[in-house]
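Just so it is clear, the model here is predicted, and its values are computed rather than measured. One-based numbering, in listed order, for ligands and for the atoms of each.
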Amino acid sequence: MERKTPVIPEADLRRQEEIADYLKSWWQSRGITPVAYVETYGCQQNEADSERIRGILERCGYGLTDGPEGADLVVINTCAIREHAAQRVFGNVGALVHTKRRHPGQKIFVCGCMMGQPEISARMKNSYTHVDGIFSPHYLWQLPEHLYKVLIRHRKAFAVEPSDGAIAEGLPVVRMNDLKAWVSIMYGGNNFCTYCIVPYVRGRERSRLPEDVIAECRDLIARGYKEITLLGQNVNSYGKDLGLGVDFADLMAEIAELPGEFVLRFMTSHPRDASHKLFDVMASHEKIAKQFHLPFQSGSDRILKAMNRHYDREKYLELVNYGRSLMPEIVYTSDVIVGFPGETEEDFEDTVSLIEEVRYDALFTFIYSPRPGTPAAKMPDPTTKEEKSRRFDRLLQVQNRISEEKHRAYVGKTLRVLVDGKDGDRLTARTDGGRLVRFEGDDSLIGQFLNVTITDATTWSLVGEMKYR
Ligand code: 5AD
């Protein structure tokens with residue numbers, strides 16, 4: 001099979017680099033070291049995109065700053081997944097009028113998933129006239145050109161035309177953490193869940209070549225990174241567009257074989273495409289964390305169908321149980337939506353019972369938010385807001401009890417953790433299953449794997465004591 005994945009031609013990428021270098025010397029010639037502030041909303045993919053934005057900006061001569069006040073450039077990287085996030089973006093972009101007034105040279109760019117929605121980017125363009133540039137995720141790689149338009153030609157930059165997207169390999173990256181790295185293995189998605197806006201704004205599934213992903217991971221490990229998280233909207237369909245006969249499980253296995261001390265994670269998986277092979281690979285590779293984020297969204301088969309999820313409760317539980325049969329210690333986490341259009345009390349009870357059956361360590365719970373343009377937004381939704389928030393509260397209650405019970409069960413166990421930072425006067429660390437542990441120890445331990453004995457637990461975290469090195 002031939003590679004169907006569209007890629008940005010090498011020459012086009014070089015051209016952007018040339019523009020970036022030009023902008024850098026332009027700033028230098030004016031005797032200014034400009035600073036940029038990048039604000040990120042939403043998921044890890046967006047965080048990873050912001051790391052690329054910072055990388056490109058650095059190449060354009062920018063330093064980084066941690067707030068909009070006095071920044072020469074503000075980039076707001078937006079999230080479209082729920083109404084609430086979108087409203088916050090409009091509010092915060094609106095407030096930038098004032099920082100721009102105080103620093104008239106300030107340029108403002110808005111990008112990310114919201115800008116992939118034509119009505120939203122049009123509203124941003126027409127009503128927020130202090131915004132200088134708007135680009136959707138497909139045009140991130142052209143950031144030097146957008147900046148050139150604004151800084152040198154004194155025009156506005158808009159790049160929001162609909163596109164299926166293409167892969168831009170080798171963009172510079174400024175990573176925000178020197179222990180943990182995100183590695184995008186693919187972009188976009190082909191699953192059209194009826195509630196979800198993401199496939200409309202991020203385009204079709206495009207996988208990076210395995211050798212490019214592996215080279216990036218090898219380089220990260222060589223530079224001392226201890227945790228790598230492979231990112232994709234649906235990592236389980238990695239490689240389908242490449243036609244190389246390499247699937248996600250194969251890719252994970254190859255990365256897990258790289259020499260060095262590190263832990264390998266991934267997100268997110270769609271249960272429709274999660275394979276036994278992936279669990280087999282996890283079980284047989286020590287460096288792959290025994291944690292699986294497997295969003296189920298609803299425990300009701302009727303609702304799963306209306307969501308266009310292509311699996312049922314039985315298939316989902318079969319996967320969960322298969323994983324546990326191989327790895328009894330595996331930690332499951334998940335996403336769930338409450339109040340999908342037409343969800344009845346009975347459907348909701350099915351969701352509660354699924355949670356009780358799986359017993360997740362942690363759950364991300366969302367109230368359904370209609371996204372214009374998605375099929376679910378047109379479905380009748382008679383359930384009141386009050387009823388939805390009652391269901392939401394009930395889910396939280398159930399999950400909090402389970403999380404606490406699960407966390408209690410860790411007490412007395414000795415677990416290998418990666419020490420990743422400080423919280424007050426204690427160190428913070430993550431277990432293989434991704435649980436947060438706080439314990440006393442010297443700062444010099446940050447960045448190391450060590451064993452801690454769990455002495456106490458709360459709903460959200462564990463308390464430990466250092467065992468031995
Ligand atoms: N409303 C509420 N939650 C949503 N999610 C995605 N779209 C919506 C929506 N329209 C949730 C899903 C997904 C998570 C990232 O966000 O649970 O897994």
- With sequence neighbours left out, what residues match S163 under side chain to side chain contact (heavy atoms under 4.5 Å, CB included)?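 For S163, the residues satisfying side chain to side chain contact (heavy atoms under 4.5 Å, CB included) (neighbours in sequence not counted) are H138, Y139.
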- Query: With sequence neighbours left out, what residues match T459 under side chain to side chain contact (heavy atoms under 4.5 Å, CB included)?
  - Reply: N400, S403, E404
- Which pairs with one or both residues in residues 361-390 pass ring-ring contact (aromatic ring centres under 6.0 Å, His included), sequence neighbours excluded? H293-F364, F340-Y368
- Message: Taking D432 first and then R416, would you say they form a salt bridge - that is, a charged N and a carboxylate O separated by under 4.0 Å?
- Response: no
Within the protein, flag every N or O under 3.5 Å from an N or O of ligand 1, and note the pair and distance.
unit_1, atom_1, unit_2, atom_2, d
ligand 1, 1 (N), S369, N, 2.9
ligand 1, 10 (N), Y195, O, 3.0
ligand 1, 10 (N), S369, O, 2.8
ligand 1, 16 (O), R82, NH1, 3.2
ligand 1, 17 (O), Q297, OE1, 2.7
ligand 1, 17 (O), Q297, NE2, 3.4
ligand 1, 18 (O), Q297, NE2, 2.8
ligand 1, 18 (O), D335, OD2, 2.6

- Message: Let me confirm one number: the CG-OH distance from L220 to Y225, rounded to the nearest 0.5 Å.
- Response: 6.5 Å
- Message: Under 6.0 Å between ring centres: does that hold for Y360 and F296?
- Response: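 When the ring centroids of Y360 and F296 are compared, they turn out to be within the sub-6.0 Å range.
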